[in-house]
Number of protein chains: 2
Amino acid sequence: MDPFDDPRLTAMGLLAEVSTGLAAQLNKTFSAAGLSEVDFETLIRLARSPQHKLRMSDLAGQTSLSTSGITRVVDRLEREGLVQRCPCSTDRRASYASLTEAGVNRLTALMPQHLEDIDTWFTSLLAPEQLATFLETLRTIRDVVRPCATAGVERVEQVTTG
Amino acid sequence: MDPFDDPRLTAMGLLAEVSTGLAAQLNKTFSAAGLSEVDFETLIRLARSPQHKLRMSDLAGQTSLSTSGITRVVDRLEREGLVQRCPCSTDRRASYASLTEAGVNRLTALMPQHLEDIDTWFTSLLAPEQLATFLETLRTIRDVVRPCATAGVERVEQVTTG
DNA sequence: CGTTGATGTTTGCGCGAACAACTTTCTACA
DNA sequence: TGTAGAAAGTTGTTCGCGCAAACATCAACG
């Protein structure tokens, strides 16, 4: 038998295809707004954080970019005026990246199209209950593969499942 | 109200986190075998193709790499002896990339660990029925976002599980 | 209070991938 | 049959990102 024909490979491949294919579709809207996928990811993480700001390393933790990668992304976004660095009052090593008004505006401008894209290529394809089940399954996996995805949001104690 | 707190954003973010987080876990095994994620993706696509070979552009279509990207990947893999180019008998512009025996061996060697990884971080987390439902949903989305994912296969669709 | 090690961020460097231009070959059409 | 245009693949160029080293600051400890 062919050892490369395993249902687990198929399952994994399917997940990868969906993720990259979906990302490719959403990318169109990003680039129409002059943003890369990474740019958008960075901006939206800031937008969804308290006071629209986050420490550089927390940003790195949330985006699966390295800290040096975040430095460069924030450099670019700052040059475009979408983000600004501001010092941390309690730790002079650290700095916050915070959304500027222009950054909020840029996000706000593309958000309707982005949400429509997600609908078109993802959520509207599924019945409400099917979507809920799907998300529940994703959460199950997420909690295992990304125990630290909530860095900078909260201090969460992680329990090993034994 | 915060316009950046939409369930669709959460859903999309969850899917992205799962996909990248899972990929990061699987990557450990790849690099232990001296392969990058892209290398592995390329090799496995070849392994799962008839006669273990595929035209360069079909390879590009299946891997979401550009054709020039595939050229370089195959350059590398050929230098390592895992893949070899051979001309297409009916079209002298085209060339096939085909797995060498060394390539098959390399894949065979890491496959047990890879399958175990998929189990550990993905499939074993879900009940059989839950997994089946999950894959069904993934197929639904895949068929919409990636209509051409089967380029070069031309054959049948995979067997539906259950 | 100075030294040592840890932590947060930035820079030097190299690799890998996309885009566009180019070469070769195929196909269509007159 | 000859020409135009399309298609497959490779190469030049550019740029983004990760790794490791450097730099700045903090925390601990004598």
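Per chain, numbering begins at 1; letters A, B, ... match sequence-line order.
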Does Ser64(A) reach a base, just sugar-phosphate, or nothing at all? Heavy atoms under 4.0 Å. sugar-phosphate
Nearest-angstrom distance from the residue atom CZ of Arg72(A) to P of dG14(C): 14 Å
d(CD, Glu37(B); C1', dC17(D)) in whole Å: 15 Å
Pair Glu80(A) + Arg76(A): basic N to acidic O under 4.0 Å: no
Would you kindly give the CD1-to-C1' distance between Ile70(A) and dC19(D), to the nearest whole Å? 16 Å
Could Arg48(A) and Glu41(A) be called an ion pair, given the rule that one side-chain N must be under 4.0 Å from one carboxylate O? no
Show your reasoning for whether side-chain contact (heavy atoms from CB on, under 4.5 Å) applies to Leu82(B) and Leu99(B). CA-CA 6 Å; Leu82(B) 304 178; Leu99(B) 269 187; 5.6 Å; no
Between the base of dC19(D) and the side chain of Ser68(A), is there any donor-acceptor pair under 3.5 Å? yes
Among dA17(C), dA20(D), dG9(D), which nucleotide has an atom closest to any side-chain atom of Thr71(B)? dG9(D)
Once you round it to whole Å, what is the distance between P of dT7(C) and CE of Met56(A)? 19 Å
To the nearest Å, how far apart are Asn27(B) CG and dC17(D) P? 17 Å
I need the CG-P distance between Asp75(A) and dT11(C), as an integer number of Å. 7 Å
For atom CD of Glu101(B), is the number of surrounding heavy atoms from other residues, nucleotides or ligands below 6.0 Å larger than 12? no
Closest listed nucleotide, where the reference is the side chain of Leu65(B) and the choices are dA8(D), dC19(D), dA18(C): dA18(C)
Is there a side-chain contact between Arg76(B) and the phosphate of dA17(C), meaning an N or O under 4.0 Å from OP1 or OP2? yes
If you round to the nearest 0.5 Å, how far is OG1 of Thr63(B) from CD1 of Ile44(B)? 13.5 Å
Nearest-Å distance for atom pair CZ/C1', residues Arg79(A) and dT10(C): 14 Å
Salt-bridge test for Lys53(B) and Asp58(B): reply yes if a basic N is under 4.0 Å from a carboxylate O, no otherwise. no
Could you tell me the separation between the CG atom of Asp39(A) and the C1' atom of dC17(D), rounded to a whole number of Å? 13 Å
Please list, by residue number, the residues of residues 80-95 of chain A whose heavy atoms come closer than 4.0 Å to an atom of DNA chain C; answer none if no residue qualifies. Arg85(A), Arg93(A), Ala94(A), Ser95(A)
When you check the gap from the basic side-chain N to the acidic O, do Glu116(B) and Lys28(B) get nearer than 4.0 Å? no
Has Arg55(A) got a side-chain N or O lying under 4.0 Å from the OP1 or OP2 atom of dG8(C)? yes
